[in-house]
Chemist: 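Below is the structure I would like to discuss, written out as C-alpha cells.
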Amino acid sequence: MTVQYSELIQPERVHGSLYTDQDIFAEELQRIWYRTWVCVGHVSEVARPGDYVRKKVASQDVIMTRSKDGEVSLLLNRCAHRGNLVCEDQRGNSSTFRCPYHGWTYRNTGEMLGYPYNQGYGGKGKLSLGLGRVPRVDTYQGFVFASFAADGPSLKEHLGAAAGELDRLARLSPEGEIELTAGWLQHRAKANWKLLVENETDGYHPQFVHGSVFSVTGSHIGTLYSDKSTAVTRDLGGGHSENDLRPEFRKMEPMNWFGTSEARVPDYVAKMRALHGEQAEEILIEGAPHVMVFPNLFVAEISVFMINPVAVDETVQSVTAVQLKGAPEMNRRLLSQCIGSVGPAGMLLADDSEMYERNQRGVTARVPEWLDIRRGAHRERIDENGFRIGAANDETGMRGFWSHYRSLMEGEAQ
C-alpha cells in the first residue's frame, strides 16, 4: 500500500499513524536514516590513530575509526565472509579487526588483511573482500556525519543555517573547538523517534513538565519560555529548528546563560576576553545554542544528544556533556550540570522520558486521529534573515520539521 503523506501531514495537524505504523517506520529508514546525513559522533572520540568506537545508525552497527594517517572512517560491523560481527567492544584502540568466527582479518580502514587456510580460496591475495564502508562521511565543527547514499546534497547543504548554531557552540571554547570526551549515557524510551525530536525544541512544555524541578532549584529556565519571554522559536529550514534564547540572555550579565557568573569562572572569562577582545562580551552573554539538527542531533546548550530509532515504538537517546577545549574550569561545571539534568538520576530527562512514553501510549487510541501542531501559526512572522519565527512557546519549529519530513517521504528532497 502506498502511503499518501500529503493526507497524513497537514499544515496544522499530523496523523497519529505516523508514530505507530510499522510500514511508515520501515519507509523512514530508507528515505531518511539511510539517505540523508545523520550525526554519528565526534572526532574527539577517536583522537589517536587506531582509536575506534561503535555507533548506531538505526539498525546499522557502525565502527568509527581513525587510521594511522588521521582519516576518520565509518565501517559496517559485519565480516565480508559470513556476516559475523568483527568488533565486540564498544571502544578501544587497534589497527585491525578480526572476525571470531573464521579468523578473517581487516585493517581499521576496512581493507582485508588475510584469511586462514588460504588454499581453500586458491592461495593468498585471491580475495578482495573488505568491510563495508558508509559511502559518504563528512565532518563539521568536529561532528561526524554519515550518509548511506552514494550521492546527494553535501553536508554543508544539508546543515544550511544550522551550521551557524554549531559555530556558536565552538566559539565558546578558548581554542575554538568542542570535545565530546566525557562519555555517553544511553536512555531507552518506549516511544517513536519523532516524539523525541518534536520535544527537543518544544518551548510549550518546560514550565509544566519541569515545573517542580524549576521551583526546587530556583531555575530561571521556565521564564525563558513564558508568554512574557522575548525569546523566539525559529524554523531554520531543512527540518532544523532552534529556540533562540538570546533576546532573554541579552538582558542578563555575562555567563548568566549558564546560570553562573564571571566570578565563578575567572580563568575561562579571562581567556575568552584575551582571544576575542570586544566581541567576548557578546559571546559570554549569548552563550550556547538550543538547536535540533535534522534528523537526530540535538544541542541543548551544555549537553549534546543523538537520537537513534530502534523500532516504531522504541528509541535510544545518547547524551554527553559539552566540553570546551582549553577550558578545564568550565568543563568541570558543564559535566556536573549535565549529570544533574540528564544523567542516570537527572531531573530533566526523567521528566521528558515519561512524557515520550505517555505520548506513545496515548497516540495508539483510535480517536481523535490527529495531533494538533497549530500553536502560534497565526502570529508567525519572517525575521531579518528570512526565517519563519514564532514566540518562545510556539510550534513553529515542529511545523518546519514536518514540512521537511513530508518532502523527504514523498521523494521531493534528499
Side-chain angles (χ1 to χ4, degrees), residues 3 17-42 45-46 52-65 72-91 97 99-101 106 110 129-138 143-150 152 155 158 184-198 200 239 293-298 304-320 353 356-357 360 401 405 408-409 411 414:
V3 177
S17 63
L18 290 161
Y19 305 89
T20 61
D21 189 287
Q22 295 279 2
D23 292 336
I24 290 176
F25 178 74
E27 194 164 1
E28 288 172 348
L29 297 185
Q30 299 305 317
R31 292 184 175 271
I32 296 176
W33 294 90
Y34 301 151
R35 184 176 296 180
T36 190
W37 289 97
V38 176
C39 192
V40 298
H42 194 271
E45 297 180 80
V46 287
Y52 67 86
V53 291
R54 282 174 67 185
K55 298 289 184 176
K56 281 281 193 177
V57 178
S59 64
Q60 302 300 298
D61 193 329
V62 176
I63 312 168
M64 184 165 75
T65 71
V72 174
S73 299
L74 295 176
L75 310 175
L76 278 297
N77 192 6
R78 168 182 165 163
C79 181
H81 178 214
R82 300 293 298 278
N84 207 289
L85 299 180
V86 298
C87 180
E88 194 64 35
D89 294 336
Q90 291 302 310
R91 62 177 56 249
F97 297 105
C99 178
Y101 196 10
Y106 307 87
L129 301 176
L131 296 178
R133 294 171 62 97
V134 176
R136 291 193 295 162
V137 181
D138 204 351
F143 289 95
V144 180
F145 291 81
S147 174
F148 280 90
L155 176 59
H158 169 76
W184 294 86
L185 294 169
Q186 292 191 331
H187 299 265
R188 188 176 298 269
K190 293 294 293 181
N192 184 272
W193 67 275
K194 298 185 293 298
L195 290 171
L196 278 67
V197 172
E198 288 177 316
E200 306 306 25
V293 180
F294 187 94
N296 75 316
L297 172 62
F298 173 45
V304 171
F305 297 74
M306 292 188 191
I307 295 168
N308 193 67
V310 176
V312 68
D313 60 353
E314 187 173 350
T315 305
V316 171
Q317 185 167 224
S318 303
V319 59
T320 190
S353 296
Y356 305 150
E357 297 193 350
Q360 187 67 37
F401 166 84
Y405 173 96
L408 290 172
M409 297 299 283
Q414 289 186 317

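One-based numbering along the sequence shown. All of these numbers come straight from a predicted model, not from anything done at the bench.
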Chemist: Quick one: does Trp184's side chain get under 4.5 Å of Lys55's, heavy atoms only?
Modeler: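 The answer is yes; the side chains approach within 4.5 Å.
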Chemist: Distance check, rounded to the nearest 0.5 Å: Cys99 atom SG versus Arg82 atom CZ?
Modeler: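 Output value for this atom pair is 10.5 Å.
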Chemist: Working to the nearest 0.5 Å, report the span between CH2 of Trp33 and CG of Asn308.
Modeler: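 Reported to 0.5 Å precision, the distance equals 6.0 Å.
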Chemist: Backbone N or O of Ala149 within a donor-acceptor pair of the Arg136 side chain at under 3.5 Å?
Modeler: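 Answer holds: yes.
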Chemist: Rounded at 0.5 Å granularity, tell me how far CD in Glu198 sits from CD in Glu200.
Modeler: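 Nearest 0.5 Å value for the CD-CD distance: 10.5 Å.
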Chemist: Return yes if some donor-acceptor pair links the side-chain N/O of Thr315 with the main-chain N/O of Ala191 below 3.5 Å, else return no.
Modeler: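 The answer is yes, because a donor-acceptor pair under 3.5 Å joins these two groups.
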Chemist: May I ask you to decide if the ring planes of Phe401 and Phe294 are parallel, tilted or perpendicular, using 30° and 60° as cut-offs?
Modeler: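 If you compare the ring of Phe401 with that of Phe294, the planes turn out tilted.
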Chemist: Look only at the side chain of Asn192 and the backbone of Thr20, and say whether a donor-acceptor pair between them is shorter than 3.5 Å.
Modeler: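 No, because the side chain of Asn192 does not come within donor-acceptor range (under 3.5 Å) of the backbone of Thr20.
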Chemist: Where does the angle between the aromatic ring planes of Trp193 and Tyr405 fall among parallel (under 30°), tilted (30 to 60°) and perpendicular (over 60°)?
Modeler: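 Tilted, since the angle between the ring planes falls between 30° and 60°.
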Chemist: I'd like to know if the side chain of Lys194 and the backbone of Leu18 have a donor-acceptor N/O pair within less than 3.5 Å.
Modeler: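 Confirmed, Lys194 side chain pairs with Leu18 backbone.
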Chemist: State the CZ-CD distance between Arg188 and Glu357, to the nearest 0.5 angstrom.
Modeler: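 Answer for the CZ-CD pair, Arg188 versus Glu357, is 11.0 Å.
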Chemist: Donor-acceptor pairs under 3.5 angstrom involving side-chain atoms of residues 83-91: please list them, not counting sequence neighbours.
Modeler:
none

Chemist: Under the rule for side chain to side chain contact (heavy atoms under 4.5 Å, CB included), what residues qualify as partners of Thr65, not counting sequence neighbours?
Modeler: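 If we apply the side chain to side chain contact (heavy atoms under 4.5 Å, CB included) test to Thr65, skipping adjacent residues, the hits are Tyr52, Ile63, Ser73, Leu75, Phe97, Asn108.
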Chemist: Using 4.0 Å as the upper bound for N to carboxylate O, is an ion pair formed by Arg54 and Asp61?
Modeler: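 So Asp61 pairs with Arg54 through a salt bridge.
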Chemist: Can you measure from CG (Asp138) to CG (Leu74) and round to the nearest 0.5 angstrom?
Modeler: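 The distance works out to 11.0 Å.
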Chemist: Are the side chains of Phe305 and Ser318 in contact, using a 4.5 Å heavy-atom criterion?
Modeler: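 SC-SC contact between Ser318 and Phe305 ruled out.
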